[in-house]
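See structure below.
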Number of protein chains: 2
Amino acid sequence: MPCVMVQIPKPQPARKPRKTRTPPKPRESAAPSPVPPSPVPTSADVARLAGVSRATVSYVLNNTSAVRISEPTRRRVRDAARDLGYVPHAAARSLRAGHTRIVLMPTPRVPAGPLYSTLFNDLQWALSGLDYTVVQYGSVSLRGDDAARAWAELRPVAVLAPPDLGTQGVEVLRRSGARAVITLGPQRVEGAHALLMDHREVGRVAAAHLVERGRHRIGVVLPTEPGLDHFAGPRLEGVRLAFPGTGAAVFELPLAYEEESAAQLVPRIRELGLDAVFAYNDEYAMLLMRALHDAGVGIPGETAVIGADDLMLGRLLRPRLSTVRIELPSGPELAALVDRLVRDPGAAPESHEMLRARVVPREST
Amino acid sequence: MPCVMVQIPKPQPARKPRKTRTPPKPRESAAPSPVPPSPVPTSADVARLAGVSRATVSYVLNNTSAVRISEPTRRRVRDAARDLGYVPHAAARSLRAGHTRIVLMPTPRVPAGPLYSTLFNDLQWALSGLDYTVVQYGSVSLRGDDAARAWAELRPVAVLAPPDLGTQGVEVLRRSGARAVITLGPQRVEGAHALLMDHREVGRVAAAHLVERGRHRIGVVLPTEPGLDHFAGPRLEGVRLAFPGTGAAVFELPLAYEEESAAQLVPRIRELGLDAVFAYNDEYAMLLMRALHDAGVGIPGETAVIGADDLMLGRLLRPRLSTVRIELPSGPELAALVDRLVRDPGAAPESHEMLRARVVPREST
DNA sequence: TTGAAAGCGGTACCAA
DNA sequence: TTGGTACCGCTTTCAA
């Protein structure tokens with residue numbers, strides 16, 4: 001319900017009709033601005049009001065140390081700037097400077113869990129604190145290469161990107177002046193730094209724990225929700241990797257995040273004779289535990305269950321849910337890393353494994 | 001663990017030593033580029049390679065319809081651009097154009113729940129789809145006014161901001177050319193559009209529901225976690241508002257998100273003789289229910305419990321958790337609104353209430 | 001059909 | 001201590 005409240009009179013003169021193409025530029029002789037001055041004041045306006053040159057305005061407002069400006073002049077300039085409400089134009093500045101402080105970050109495709117989104121948020125704050133301008137891009141319908149070109153238009157000093165950027169994309173961005181191109185995901189890309197998050201590790205430690213507990217027929221929940229397969233696949237693979245020559249067997253358990261789907265899964269678990277389930281994460285684990293409980297399956301007696309993410313809710317369940325705690329670097333840490341890479345371009349590409357996983361054993365296994 | 005992988009030879013000549021101040025600009029006579037050409041190619045480079053003027057390059061690359069360029073020329077220009085890996089410079093372009101497509105959005109201060117962050121994400125995607133450039137700002141340690149000035153440097157075409165921006169800030173941004181300044185939060189600010197999210201509504205419907213169920217002594221959980229008071233306060237107020245002349249009484253229940261804190265709360269609830277609790281949200285409700293259950297308090301017999309957010313976990317609890325479902329506009333809706341406001345600046349400020357709340361009654365009340 | 005050139009708003013060199 | 005001015009890269013008249 002749009003409730004109109006206040007009328008804004010300023011019709012905003014479109015800003016274009018300012019005279020263009022006037023070599024001598026006589027500046028409206030006399031007449032103390034019959035037209036309101038340029039909608040948004042420039043340093044030239046400040047200079048005029050203060051009775052100095054644009055150069056001086058620049059010196060004063062930037063506290064240029066290589067140049068000494070008299071105190072009275074400084075005051076006049078500052079006052080003029082304040083009176084006019086002058087704000088420098090970032091684009092003009094960086095055009096002249098030849099570089100920006102823009103860090104490009106992708107908008108996550110799916111709402112990817114609290115850990116991930118918290119990290120993203122913290123990173124943004126930290127980068128802002130380092131005086132970077134964080135630009136979120138969500139390149140709709142642009143395939144890798146075109147996307148890279150679109151991003152390069154902003155001349156970012158650093159780019160965080162998913163690895164599907166490709167070698168081509170990395171090259172495009174580097175040639176556009178990006179001092180650090182950093183991929184964020186499972187693989188690395190040639191020529192770019194890599195922040196790896198190997199979710200196989202999550203499955204690996206979960207499986208190791210279950211085997212240690214004497215379990216040998218292990219189900220792995222695969223969420224059917226789109227977007228999650230990105231994480232689920234590697235976690236499953238990690239489980240498989242944990243069995244070098246063990247007699248243990250792994251079974252895939254597709255599960256939608258609905259009670260009905262969980263209920264349907266129970267008979268399957270029984271038929272297969274699974275003595276343990278790695279439930280993808282704590283939320284799916286809770287869903288599954290409810291279904292198992294309702295069906296009279298003993299946990300962990302008959303079937304052990306382990307989740308991941310170490311959410312509070314796991315502690316509230318009965319039996320208390322064993323889980324895999326995932327640790328990611330902090331936002332400030334990551335920001336510092338980005339900053340370092342920016343400061344030292346030309347450095348050889350670095351790879352960092354960011355994901356650390358460890359089991360928090362409780363009652364359900 | 002930084003594992004070095006590949007050596008990048010390009011030492012990036014810092015781009016500055018390019019000759020400055022040379023009126024005739026003879027361009028390194030002869031010698032087919034003994035120095036690698038300008039690190040990042042410009043339209044002038046493309047023009048030179050294609051043997052045309054920069055104007056023509058611009059015409060071709062932008063498909064300027066007001067001008068007809070011969071097909072052979074077009075091809076030469078396009079080929080040259082491709083060979084050089086030319087990417088236009090967004091800052092230069094918008095400097096010339098006199099406006100940007102930047103939409104400024106705040107980085108949320110706290111990881112503010114899935115609803116909020118999902119909305120934010122969707123909005124970013126939708127805005128990207130509308131060809132806006134989304135810039136996240138997280139103005140560390142800049143008080144309202146200075147912050148506004150810092151943001152104005154980017155010359156955003158639209159700004160989403162918390163209402164603590166202030167009238168001053170709105171004015172600064174408008175004068176810097178922002179065509180839409182939109183506040184996002186409980187209050188409105190003069191001169192700006194407002195997207196209101198009145199969380200009192202959440203408390204109001206919860207309380208109304210409890211009263212309808214015959215409850216009269218109602219506890220309201222106040223999370224002690226910082227950042228949440230922003231939502232908790234209004235929700236509490238909403239509960240109070242729901243009792244015009246009812247004999248019902250409201251009691252505040254501070255609660256930290258820990259089992260121990262919940263356990264300590266139970267005796268308090270008993271002493272006060274509360275017959276219902278609005279638990280802030282589903283997660284706190286689950287925490288509280290566990291504590292009540294462990295203490296042998298009957299739900300809903302002795303004490304009813306209602307949460308908010310309608311998380312899946314509420315359906316898995318026993319008794320099933322009643323909750324308040326909160327509905328927010330979709331990202332695309334919001335993006336369309338922003339777009340409309342941008343297209344029609346000068347329009348009178350609009351206020352939109354975005355939050356819709358309704359009770360989902362289940363077994364716990 | 002194409003090119004020359006003026007500027008967009010700042011910065012920084014050089015001369016005064 | 002200050003001013004003049006050439007640029008940054010791109011768009012867009014205006015003239016040829």
Side-chain angles (χ1 to χ4, degrees), chain A residues 15-16 18-25 38-48 50-74 76-77 81 86-100 152-155 176-177, chain B residues 15-16 18-25 38-48 50-74 76-77 81 86-100 152-155 176-177:
Chain A
R15 196 184 187 297
K16 278 267 99 161
R18 231 164 132 184
K19 63 172 148 331
T20 42
R21 219 30 165 4
T22 32
K25 202 178 188 185
S38 132
V40 23
T42 72
S43 79
D45 296 319
V46 176
R48 206 170 308 121
V52 299
S53 73
R54 297 196 305 148
T56 305
V57 171
S58 177
Y59 295 144
V60 171
L61 263 28
N62 294 314
N63 280 314
T64 308
S65 52
V67 151
R68 309 216 57 77
I69 304 286
S70 70
E71 199 46 49
T73 305
R74 304 184 92 89
R76 288 218 316 284
V77 170
Y86 168 73
V87 173
H89 192 304
R93 200 202 293 262
S94 58
L95 176 58
R96 171 66 219 220
H99 61 258
T100 69
E153 295 192 2
L154 296 175
R155 297 292 189 271
S176 83
Chain B
R15 197 181 186 302
K16 277 267 99 161
R18 230 164 132 187
K19 63 174 150 327
T20 42
R21 223 26 168 6
T22 33
K25 200 177 187 186
S38 132
V40 24
T42 72
S43 78
D45 295 320
V46 176
R48 206 171 307 120
V52 299
S53 74
R54 292 164 54 212
T56 305
V57 171
S58 178
Y59 293 144
V60 171
L61 264 28
N62 294 315
N63 281 314
T64 307
S65 52
V67 145
R68 310 216 57 77
I69 304 285
S70 69
E71 199 46 48
T73 305
R74 303 185 94 87
R76 289 219 314 287
V77 170
Y86 168 72
V87 173
H89 192 304
R93 199 203 292 263
S94 60
L95 177 58
R96 171 66 217 224
H99 62 259
T100 69
E153 294 193 2
L154 295 175
R155 298 291 190 272
S176 82

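Chain A is the first sequence line, chain B the second, and so forth, proteins listed ahead of strands; every chain is numbered from 1.
Less than 4.0 Å separates DNA chain D from at least one heavy atom of each of the following residues of residues 65-73 of chain A: A/V67, A/R68, A/I69, A/S70, A/T73. A heavy-atom distance below 4.0 Å to DNA chain D is reached by these residues of residues 55-64 of chain A, ordered by number: A/A55, A/T56, A/Y59.
Applying the side chain to side chain contact (heavy atoms under 4.5 Å, CB included) test to B/S58 and every residue at least two apart in sequence or in another chain returns B/N62. Residues meeting the side chain to side chain donor-acceptor pair (under 3.5 Å) test with A/S43, sequence neighbours left out: none. Under the side chain to side chain donor-acceptor pair (under 3.5 Å) criterion, B/T64 pairs with no residue at all, not counting sequence neighbours. Under the rule for a side chain to side chain contact (heavy atoms under 4.5 Å, CB included), the partners of A/A91 that lie at least two apart in sequence or sit in another chain are A/H89, B/A91, B/S94.
Between the P atom of C/dT11 and the CZ atom of A/R93 lies a distance of 5 Å, rounded to the nearest Å. Per the geometry, CG belonging to B/D45 stands 9 Å off P belonging to D/dC10, to the nearest Å. The CZ atom of B/R96 sits 12 Å away from the P atom of C/dA6 (whole-angstrom rounding).
Checking the phosphate oxygens (OP1, OP2) of C/dG10, no side-chain nitrogen or oxygen of A/R54 falls inside 4.0 Å. Proximity of B/S43 to the phosphate of D/dG9: no side-chain N or O atom is located under 4.0 Å from OP1 or OP2.
Mapped onto DNA chain D by nearest heavy atom, A/R74 and B/A92 fall at different nucleotides, with A/R74 at the one closer to the 5' end.
Taking both residues in full, the closest heavy atoms of B/S176 and B/R155 are given as O-CD, 3.1 Å, listed atom of the first, atom of the second, then distance. The minimum heavy-atom distance linking A/Y86 with A/T42 is given by the pair CE1-C, 3.5 Å. Nearest heavy-atom pair, A/D45 versus A/P41, reported as atom, atom and distance to 0.1 Å: OD2-CA, 3.2 Å.
Distances were taken from every side-chain heavy atom of B/L95 (C-beta onward) to each of C/dG3, D/dA6, C/dC8; the shortest belongs to C/dC8. Among C/dG3, D/dC10, C/dG10, the nucleotide with an atom closest to any side-chain atom of B/H89 is D/dC10.
At a threshold of 4.5 Å between non-hydrogen side-chain atoms, the residues B/L154 and B/T100 do not count as touching.
The only member of B/V46, B/V77, B/V52 that meets side-chain contact (heavy atoms from CB on, under 4.5 Å) when paired with B/V60 is B/V77.
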